[in-house]
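Just below is one structure, and these are the notes that go with it.
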Amino acid sequence: MRWLFPALLLGGCALLGAITFADPYALPATPPVQALLINSYDQRMRWVHGLTAEVEAELAPPGGNVLLRVENMDTKAVHNDAYFAAYAAMLRAKYATVRPAVLLCSDDHALNFLRRYRDTLFPGVPVVFGGTNNFTPTRVQGMSGVTGVTEEHYPYETAQFLLRAHTGIEEIFVINDYTESGRSTAAELAEALRPLEGRVRLRWNSDVPMDDLLRQVAALGPETAVLLGVYYSDASERMVTYEEAGLRIAAAARVPVYCIMGFNLGGRVVGGKLVTGQSQGRIMAEMGRRILAGEDPASIPVRRGPGEFIFDYTQLRRWRINEGSLPPGSEVVERPFSVYRAYSREIHVIIAFVTAMLATIAALVVVMRRRARTEAELRKLRNLLANILDSMPSVVVGVSPEGRIIQWNRQAALMTGVEPPAALGRSLEDVFPRLAPQLPSVREALARQTPVHGERLTRTDNGMLLYEDVTVFPLAANGMEGAVIRLDDVTERERVREMMIQTERMLSVGGLAAGMAHEINNPLGGILQAVQNVLRRIEPGRAANDDAARAVGCTVEQVHDYLERRGVLRMAAGVREAGLRAARIVANMLNFSRRSTSSHMECDIGALVATAVDLADNDYSFRKNHDFRRLRVDIHIPPDLPRPACLATEVEQVLLNLLRNAAQALAGFSPPDGAPPIITIRAEHCPDGVAVSVTDNGPGMPPEVRARVFDPFYTTRPPGEGTGLGLSVAFFIITQNHKGTFTVVSEPGQGATFTFTLPLGGAS
């Protein structure tokens with residue numbers, strides 16, 4: 001026992017010495033695991049700062065066994081190949097003796113850098129990415145051990161809430177910069193907001209200096225709201241932080257401002273469904289922990305970045321948005337504590353001061369109200385004039401004597417794709433080059449102070465030739481000189497004129513055809529009569545024939561046998577058949593060229609169909625490109641079909657037009673089942689009268705063509721090969737002249753069936 005006390009005393013002194021002189025910062029005995037985070041940008045950005053802090057808190061908390069190293073590339077300043085190569089050389093030197101267990105990278109440039117240099121700098125080290133825009137698997141194709149979280153934006157959900165919260169919004173002004181990443185985000189926003197087309201107008205900011213953009217934002221009316229994308233650099237390449245840009249834009253606006261990025265929430269921004277650096281960093285840290293725990297990165301799927309509805313309390317109050325109307329799970333930030341309880345004395349002083357100022361304010365209210373009424377009337381008048389110009393179907397462009405645009409209506413914007421704010425003040429040559437040749441007419445109109453009609457313009461749109469008339473009106477009022485250029489589309493009028501000329505030409509041709517038919521009938525009659533007499537004079541059993549044969553020493557039978565052996569009788573029969581066929585063709589031409597009578601007569605549908613097929617078979621202009629005789633025509637008409645009351649020539653015209661269209665559809669087309677080209681004509685009795693259908697097994701029609709097939713002047717044929725009037729005239733004949741119906745059934749690859757009905761009734 002004598003040695004126990006000294007031993008305890010010595011051990012206590014040793015323990016006290018160890019505690020006293022131990023290094024509080026000494027590393028644990030087990031070496032820490034190294035993790036490397038490479039940020040595309042620097043820590044001045046709230047996005048990068050929040051993401052880095054979240055990764056550090058979740059992956060490498062104090063006292064843990066993970067040592068997080070952070071590198072900031074600052075690629076907002078420079079991100080070319082030379083910089084990437086230099087940055088890789090720096091990392092190679094810095095981490096020559098250090099091998100991280102996992103690599104984390106934020107945003108696109110860092111991922112692109114690792115795609116190029118990971119296998120050189122840190123071969124085989126797993127990669128966790130975050131903040132990546134427009135991610136597709138091809139981005140990491142060829143890289144092993146890669147997973148991460150994409151950066152997704154939720155402009156559509158934000159816009160939906162915006163439209164619910166602010167009734168009367170007619171336009172959303174989308175603001176985004178034109179940097180490389182900005183253009184990518186803009187394309188994503190445009191695709192996401194596409195479902196809103198037709199419900200609200202979407203207007204995009206142009207690439208202008210920041211001061212010009214702020215003036216545009218300040219001029220927005222109450223029918224507009226702002227949706228802020230990402231904005232870092234303006235047209236003059238002056239760079240600000242995302243946060244500063246958002247604050248300045250929101251401060252300039254007198255309308256609600258929403259955003260899609262968490263770092264823009266603040267100032268006068270209401271909020272929205274936001275993506276934040278914290279949420280991206282949290283998911284990256286979770287994936288990093290799983291990889292450090294031994295999980296294979298290939299088994300960890302790439303996650304879609306989340307979004308959270310976050311709103312600013314002050315802006316909710318400012319725009320009178322009830323918190324009960326917010327989406328479930330929404331977060332409200334910057335909620336103030338009770339100011340009244342904390343500063344009751346100061347509040348009482350302020351109330352007293354405000355009360356003292358009410359008299360002054362009341363005096364100013366009268367003046368301000370009068371001014372507001374005047375401004376409202378002026379605004380109403382400006383809107384009325386703008387609406388009048390925008391409602392005109394013509395393009396109306398006002399220009400100064402120097403050719404600068406001073407007025408730009410909606411039709412001009414639709415034709416050029418340039419909105420009025422972007423067009424005003426620019427030269428006519430830049431915005432509307434087709435009207436630039438009218439500038440001499442502008443000077444002429446100003447000099448003469450009379451309207452000047454320019455030469456007719458032509459242009460091609462989707463393969464169709466369009467005609468436009470130009471008129472220049474002088475403008476001299478209120479000390480402003482200039483001119484108004486009006487551009488009118490006269491294509492329909494030009495086509496009607498051409499149709500009238502063609503109709504007159506066809507009437508003349510019809511008269512000539514009728515005269516020629518009468519002249520042809522005379523020699524045809526002589527030919528048929530001569531053939532008939534020839535056949536009668538070699539016919540056995542006639543006394544005159546027998547006498548003549550005996551006079552030359554033979555019999556009629558011998559002559560008949562000789563002629564039959566030599567084929568003369570067959571030739572004579574062929575001449576007679578050809579003459580009869582020619583006579584039928586001439587008769588059909590005469591019937592078709594006659595003017596329709598004013599009364600409906602009961603008609604045999606079978607006879608009308610036969611005549612129309614015969615006419616189509618003998619139409620030279622028709623057969624020139626579409627040989628009707630190459631087609632198989634099947635006719636199914638019951639013998640007991642009722643006779644509808646109709647105008648025969650008009651129904652023949654309808655059938656001929658349908659046969660033309662069917663043959664044109666079958667020209668150069670081979671049915672997929674190997675069947676020959678077939679046109680089927682059917683007629684049947686139906687409750688509404690008699691239904692006649694013309695069916696082909698051609699290529700069919702897509703829905704957009706089928707919907708317009710009866711429109712006047714609409715044709716799918718090349719310019720100069722069709723007027724687009726055939727089916728519209730046929731539709732008019734059936735529905736207006738005969739009070740029937742006309743329908744079409746067609747699907748691509750399944751042919752087409754046109755069906756019209758003729759009501760039954762007594763002849764009138």
| message | Strictly below 4.0 Å, N to O, side chains only: are E375 and R371 in salt-bridge contact? | response | yes
| task | Look only at the side chain of R183 and the backbone of Y178, and say whether a donor-acceptor pair between them is shorter than 3.5 Å. | result | yes
| message | Ignoring hydrogens and geometry beyond distance, is a side-chain donor-acceptor pair present between D430 and S427 at under 3.5 Å? | response | yes
| said: Under 3.5 Å, is there a donor on one side chain and an acceptor on the other for Y258 and H166? | reply: yes
| task | Establish, from distance only, whether the side-chain atoms of D488 and S394 form a donor-acceptor pair under 3.5 Å. | result | yes
| Other residues, nucleotides, ligands: >12 heavy atoms within 6.0 Å of M368 CE | no
| field | Chi angles and distances behind the side-chain contact (heavy atoms from CB on, under 4.5 Å) call for K273, H153 | value | CA-CA 8 Å; K273 190 169 184 179; H153 303 125; over 6 Å; no
| request: Taking atom types as modelled, find out whether N134 and S184 have a side-chain donor-acceptor pair closer than 3.5 angstrom. | output: yes
| Does the T416 side chain pair with the main chain of A412, one donor and one acceptor, at a distance under 3.5 Å? | yes
| message | Under 6.0 Å from the ring centre and within 45 degrees of the ring axis: does the NZ or CZ of R46 meet both conditions for the six-membered ring of F263? | response | no
| query | Distance-only, no hydrogens or angles: does the T241 side chain make a donor-acceptor pair with backbone N or O of E244 under 3.5 Å? | reply | yes
| With the threshold set at 4.0 Å, does a side-chain nitrogen-carboxylate oxygen contact exist between D469 and R486? | no
| query | Below 4.0 angstrom, N of the basic side chain to O of the carboxylate: do E377 and K380 qualify? | reply | no
| request: Output yes when a side-chain donor or acceptor of N409 lies under 3.5 Å from a complementary backbone atom of V396, and no otherwise. | output: yes
| Is R248 salt-bridged to D211, cutoff N-O under 4.0 Å? | yes
| query | Checking D312 side chain against Q315 main chain: does a donor-acceptor pair fall under 3.5 Å? | reply | yes
| field | R44 and E243, any side-chain heavy atoms less than 4.5 Å apart | value | no
| task | Check F311, W319, Y154 against F161 for a ring pair (Phe, Tyr, Trp, His ring centres under 6.0 Å) and give me the one that passes. | result | F311
| query | Would a distance-only check, ignoring hydrogens and angles, find a side-chain to backbone donor-acceptor pair under 3.5 Å from D234 to P209? | reply | no
| query | Any side-chain donor-acceptor pair under 3.5 Å between D108 and N133? | reply | yes
| task | Determine yes or no for a side-chain-to-main-chain donor-acceptor pair under 3.5 angstrom, with D177 supplying the side chain and Y232 the backbone. | result | yes
| query | Does the side chain of T75 come under 3.5 Å of the side chain of H109 through a donor N or O and an acceptor N or O? | reply | yes
| message | For R335, I'd like to know if atom CZ has over 12 heavy atoms of other residues, nucleotides or ligands within 6.0 Å. | response | yes
| Around atom CZ of R318, are there more than 12 heavy atoms of other residues, nucleotides or ligands at under 6.0 Å? | yes
| said: Can you confirm whether more than 12 heavy atoms, excluding those of R254, are under 6.0 Å from its CZ atom? | reply: no
| task | Might you confirm whether atom CD of E334 has over 12 heavy atoms from other residues, nucleotides or ligands at distances under 6.0 Å? | result | no
| said: Whether the Q43 and T52 side chains hold a donor-acceptor pair (N or O, under 3.5 Å, no angle test) is what I'd like checked. | reply: yes
| field | Backbone of S106 reached by a side-chain donor or acceptor of S40 within 3.5 Å | value | yes
| request: Give the minimum heavy-atom separation between M284 and F129, together with the two atoms involved. | output: CG-O, 3.9 Å
| Does a salt bridge link R410 with E419, judged by any charged N lying under 4.0 Å from a carboxylate O? | yes
| message | Strictly distance-based, threshold 3.5 Å: is any side-chain N or O of W408 a donor or acceptor partner for the main-chain N or O of V418? | response | yes
| message | Can a donor-acceptor pair be found, under 3.5 Å and without considering hydrogens, that links the side chain of N176 to the backbone of L228? | response | no
| request: Give a yes or no on whether a salt bridge exists between K76 and D74, defined as a side-chain N under 4.0 angstrom from a carboxylate O. | output: no
